[in-house]
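The analysis underlying the following values was restricted to heavy atoms, covering all of them including side chains, and did not include hydrogens, waters or symmetry mates. Please read all numbers here as calculations on a predicted model, not as lab measurements. Residue numbering restarts at 1 for every chain, and letters A, B, ... go by the order of the sequence lines.
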Amino acid sequence: MDDDKLLAILESSQEGEERGLGPEERDPAETLGRLSDDALIEYMTNLSQGARKDFTREEYFRDKEIKQRERDEATRAGLGRANAPIFAGCTIYINGYTKPGRLQLHEMIVSYGGKFQHYLLAKKKVTHIVATNLPLKKRLEFRNYRVVRPEWITESIEQQKLLPWQDYALSWDQEQRSLQLKVASAPVSSAVDCKDPNFLKTFFENSRLHHLSNWKADLRSRFLSEGFNKPSPGDALSIFHIDFDCFFATVAALGCESCDINRDPIVVCHGSKSSDIASCNYVARKYGIRNGMWVSRAKSLLPPGVELVSLPYNFKEIEEKSKIFYTVLKEYKIKFDLILPISIDEAVCVVIDHHTPHPIDRDEICRELRSEIWKRTGGCTVSIGCSNTLVLARLNLKIAKPNGYHILTQQQLVENEADWHSYLGKFQIDDLPGIGYSIVSKLRSLRQHLNNLLQLKQYFHNSLPLLQKCVGKKTGSKILMYLHGKDDEESSRMIFEPESFFARKSLSIEINWGIRFDTVQEIDNFIDTCADYLVQKLQEMNKRTSQITLKVLRRCADAPIEPPKYLGCGECDALSHNCRLGIPTSELGVIATELKSTFRLLGCPPKDLRGVSIQFNKLIEVSYDQNENQQRLKLPFQKTLNFDVFDNLPSDVKNDFSKELKRRNIVLTSSPRPKTSYAATYEEKFMEELPTQIRNEVKNDLRINRKITRTKLSELREQNRKKKESIRNVRAHLLGHESLFEPIKFQKESRFKDICRIVMEWFDATLIEGPHEKDLLLFENYLDKLSDSNRVPLILRFSKLISVRLNLKSNQYGQEAGFQEWEQFLLKNVIPKLNKNKHTFQTVRKLDIDFDI
DNA sequence: ATCTCATGTTAG
DNA sequence: GCGGCCTAACATGAGAT
Ligand SMILES: Nc1ccn([C@H]2C[C@H](O)[C@@H](COP(=O)(O)OP(=O)(O)OP(=O)(O)O)O2)c(=O)n1
């Protein structure tokens, strides 16, 4: 018992060990910090009972290991005859509580020739995991393992042979079942199967755009953590926009002996047909090949006899070159006031001109930077556009490319109108930053032949309203600013408010390639994996989210099942839905559930799903204060620990524990433990009354209530007022005061549970003849009231009740008129109400409704 | 008037 | 039978408050 529990507790603090540190090597305080309150208390209790007072923690663990081995030996030796080595070659780990318990299982495994693993440290060594039930996080973690029920052990022993583990697999879903098949038969897993648990990993490893986004996020956060000088509006600035020439292509070509970047048309891509070209060199561009084009298209652009050179990605090397690039910028003799990261291969450097006697030599800066980067990167060229506004620096960069630099200020350019016009004549409209295909076609819808910036300027000749009507308010004024060589307010933020400009405002994941599912369960799994990925990031940056959205791509009704692009998404409708969380969270369980239910709301047939994206729209910093709050709020009632337990702890660890207890606000009590307070009992009782679905919501509300009494934020107070009202409504509803169920109060009952019972009895009694029309109206009336008052979860409960009931009775009554009437009622009158109100009383929490019935 | 949501757009 | 791999931020316009 003692061992069982302690080991279970240790598991929950295992994360540190998986990073390669044994329990002894870690900072004890840190380990303790990881444990939940309950685990900490149990841990202390066990330590207190099991330890002699002069034991240190390290000795305690070592002692445990030794004793363990001794015991294993003894177990084996103690058996008069040797048992059959049933589990020879198996290394088994036991997760969580099992029946029979860990100790017994351990003994069985060892005495029948198996090895027992305490920790999942050496994950590779473990051949089987025994468990009866796994939380989401563990399921994701263990999904490449053979996870079995304890019966595999006991029954193997009974039958005196190793039974096939597949028959005892703890299969929680389709995915796990397919894994069983795979492990059992050929272990070849195709990397492009989105049902494969490793899909996401390989997908990301190969996705250039994923790398690009990640690099950018890293650069931004690094920028914020380093120092910079913020210019003030009105300062004279020198802005250098620096960008590698065809970056990926250059890096790839440098690593290719037989390639000549100045003669061969080179592209970087994965495949040979419908693969995107990440980057192409300037030889390829001469033939009209562009970044983002498909390889097949590029090939068709080449004249006969010219061969396209396709090179693979080398992300590692790309990172290295970029690191050198940024180092050169940082170490340059003239210290830049700002080095703004645009992307892995592109930066905007700013010098504030202080009217010193020695004005900076922009020409020299460009030349020196270019040659220094060329040298240090072993042959990568960068181009530089320099001016005193961001747009002009960018346009100058365009002129400078490839392998050059261009310097012109706004004053120089605009001074002479003819010069300015000839400058504008050199650019296409989508050369302007933030102006792309869509806006250009809007402009062209007004006047077809707008080919360069000069024509654009002349057509609109300063008519702001017309422009704004065409492309929108902000875009219109932005374009007009640009046509005078000036930056608009939004892009200026990059220079004048870099802190807010570069701060992360959202976090998201998006997979629009390789998505081919058959069932909702598979999609649920995939959503779990994605949510896990995001939550991990969220926790790493010590944030929570209060709003999440799910976006899916659904194959257009008339689009072919398989699009031209291999495993691409093809022509799709984008559907998205967002939901707000009562309180900000970073818990995988809450978030994954929310998302899975949102997927159902979007109503996309599983087979038509072509893309998935999850966004955390609002990120909230976890302040130390909030951290404490959540710790406490998670546990509505004060945690206590018996003082004797504390007193019996090994003396040298007492201090650690004491600090930890204080931090968590766990109090020591002299025995006996006090019972819960009256208020707690009252709340608990109220909770008991609630359907489980909304119980959590109300718990959240109560948390908010309590938080409110401490924080004075008016915004929260307003939220609280609304919440309170909801609670009051729910309570009134559940307890029968002002019950919304009046229309059928002839039934006398008004509590939700009882209403459910009545509905079920009514259902059962009318399966053959069908329900009375008036009764149905009454019931629907009630559902409408629920819907109007934003209590969709309750309607969901009813739908579920009825749907489960229908399934149950379908064999026996499927042909009866009553059965079919109920089925119609559910489909036509109940389920549609679920989507009626977008603002549900929190979010719909039910996942297992089969909308297709 | 100001907010929220779903949807679009852009860049690398 | 080979093919092939995003994500953050802002803008817009409709509808709610
Ligand atoms: N559609 C795109 C655009 C860019 N990239 C990658 C490859 C590029 O090498 C890198 C930098 O993008 P740039 O827009 O700077 O393009 P290049 O550096 O390739 O060419 P250049 O800047 O000379 O026009 O980002 C990509 O994968 N897919």
Using a 4.0 Å heavy-atom cut-off across all strands, classify [X] as base, sugar-phosphate, or nothing.
| X | answer |
| --- | --- |
| A/Gln615 | nothing |
| A/His210 | sugar-phosphate |
| A/Phe204 | sugar-phosphate |
| A/Asp276 | sugar-phosphate |
| A/Glu205 | nothing |

In [range], what residues come within less than 4.0 Å of DNA chain C, judged by heavy atoms?
| range | value |
| --- | --- |
| residues 466-476 of chain A | A/Val471, A/Gly472, A/Lys473, A/Lys474, A/Thr475 |
| residues 500-514 of chain A | A/Ala503, A/Arg504, A/Lys505, A/Ser506, A/Leu507, A/Ser508, A/Ile509, A/Glu510, A/Trp513 |
| residues 545-576 of chain A | A/Lys565, A/Tyr566 |

(message) With ring-ring contact (aromatic ring centres under 6.0 Å, His included) as the rule and sequence neighbours excluded, what pairs involving residues 484-508 of chain A come up?
(response) A/Phe223-A/Phe502
[X] side chain near [N] phosphate (N/O to OP1/OP2, under 4.0 Å):
| X | N | result |
| --- | --- | --- |
| A/His577 | B/dC5 | no |
| A/Arg394 | B/dG12 | yes |
| A/Ser274 | C/dG3 | no |
| A/Ser438 | B/dT9 | yes |
| A/Arg493 | C/dC10 | yes |

Distance, rounded to the nearest Å, where [X] contributes [atom1] and [N] contributes [atom2]:
| X | N | atom1 | atom2 | value |
| --- | --- | --- | --- | --- |
| A/Glu346 | B/dA11 | CD | P | 11 Å |
| A/Lys537 | C/dT7 | NZ | P | 7 Å |
| A/Lys299 | C/dG3 | NZ | P | 10 Å |
| A/Leu209 | C/dC5 | CG | P | 9 Å |
| A/Trp294 | C/dG3 | CH2 | P | 15 Å |
| A/Asn578 | B/dG8 | CG | C1' | 16 Å |
| A/Asn214 | C/dA8 | CG | P | 8 Å |
| A/Met494 | B/dA11 | CE | C1' | 12 Å |

Would [X] and [Y] pass as an ion pair if we require N to O under 4.0 Å?
| X | Y | answer |
| --- | --- | --- |
| A/Lys316 | A/Glu319 | no |
| A/Asp488 | A/Lys474 | no |
| A/Glu489 | A/Lys478 | no |

(message) Looking only at the aromatic ring of each residue, does the gap between the centers of A/Phe228 and A/Phe336 stay below 6.0 angstrom?
(response) no
(request) List the steps and the verdict of side-chain hydrogen bond (donor to acceptor under 3.5 Å, both in side chains) for A/Asn214 and A/Lys537. (result) CA-CA 11 Å; A/Asn214 261 2; A/Lys537 280 196 165 189; 3.0 Å; yes
(message) According to side-chain hydrogen bond (donor to acceptor under 3.5 Å, both in side chains), who are the partners of A/Arg555, at least two apart in sequence or on a separate chain?
(response) A/Asp608
Ignoring hydrogens and angles, write down the donor-acceptor pairs under 3.5 Å from the side chains of residues 612-619 of chain A, residues two or more places apart or on other chains.
residue: A/Ser613; atom: OG; partner: A/Gln615; partner atom: NE2; Å: 3.4
residue: A/Asn617; atom: OD1; partner: A/Thr549; partner atom: N; Å: 3.3
residue: A/Lys618; atom: NZ; partner: A/Gln547; partner atom: OE1; Å: 3.2

(message) Is there a side-chain contact between A/Leu311 and A/Ile266 in this structure, where contact means two heavy atoms from C-beta onward sitting under 4.5 Å apart?
(response)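 With C-beta onward as the side chain, the pair touches.
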Decide whether [X] and [Y] meet the rule of one side-chain donor and one side-chain acceptor closer than 3.5 Å.
| X | Y | result |
| --- | --- | --- |
| A/Thr381 | A/Asp245 | yes |
| A/Ser500 | A/Arg493 | yes |
| A/His210 | A/Glu205 | no |

(request) Kindly indicate whether the side chain of A/Ser213 and the base of C/dC6 share any N or O donor-acceptor pair separated by less than 3.5 Å? (result)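 Such a pair is found, so the answer is yes.
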(message) Please pick, from C/dC5, C/dG3, B/dT9, the nucleotide with the shortest atom-to-atom distance to any side-chain atom of A/Ile439.
(response)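 Nearest listed nucleotide: B/dT9.
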(message) Could you go through A/Arg516 and A/Asp193, starting from their C-alpha distance and side-chain angles, then the distance that decides it, and tell me whether this counts as salt bridge (Lys or Arg N to Asp or Glu O under 4.0 Å)?
(response) CA-CA 8 Å; A/Arg516 297 297 119 107; A/Asp193 177 3; over 6 Å; no
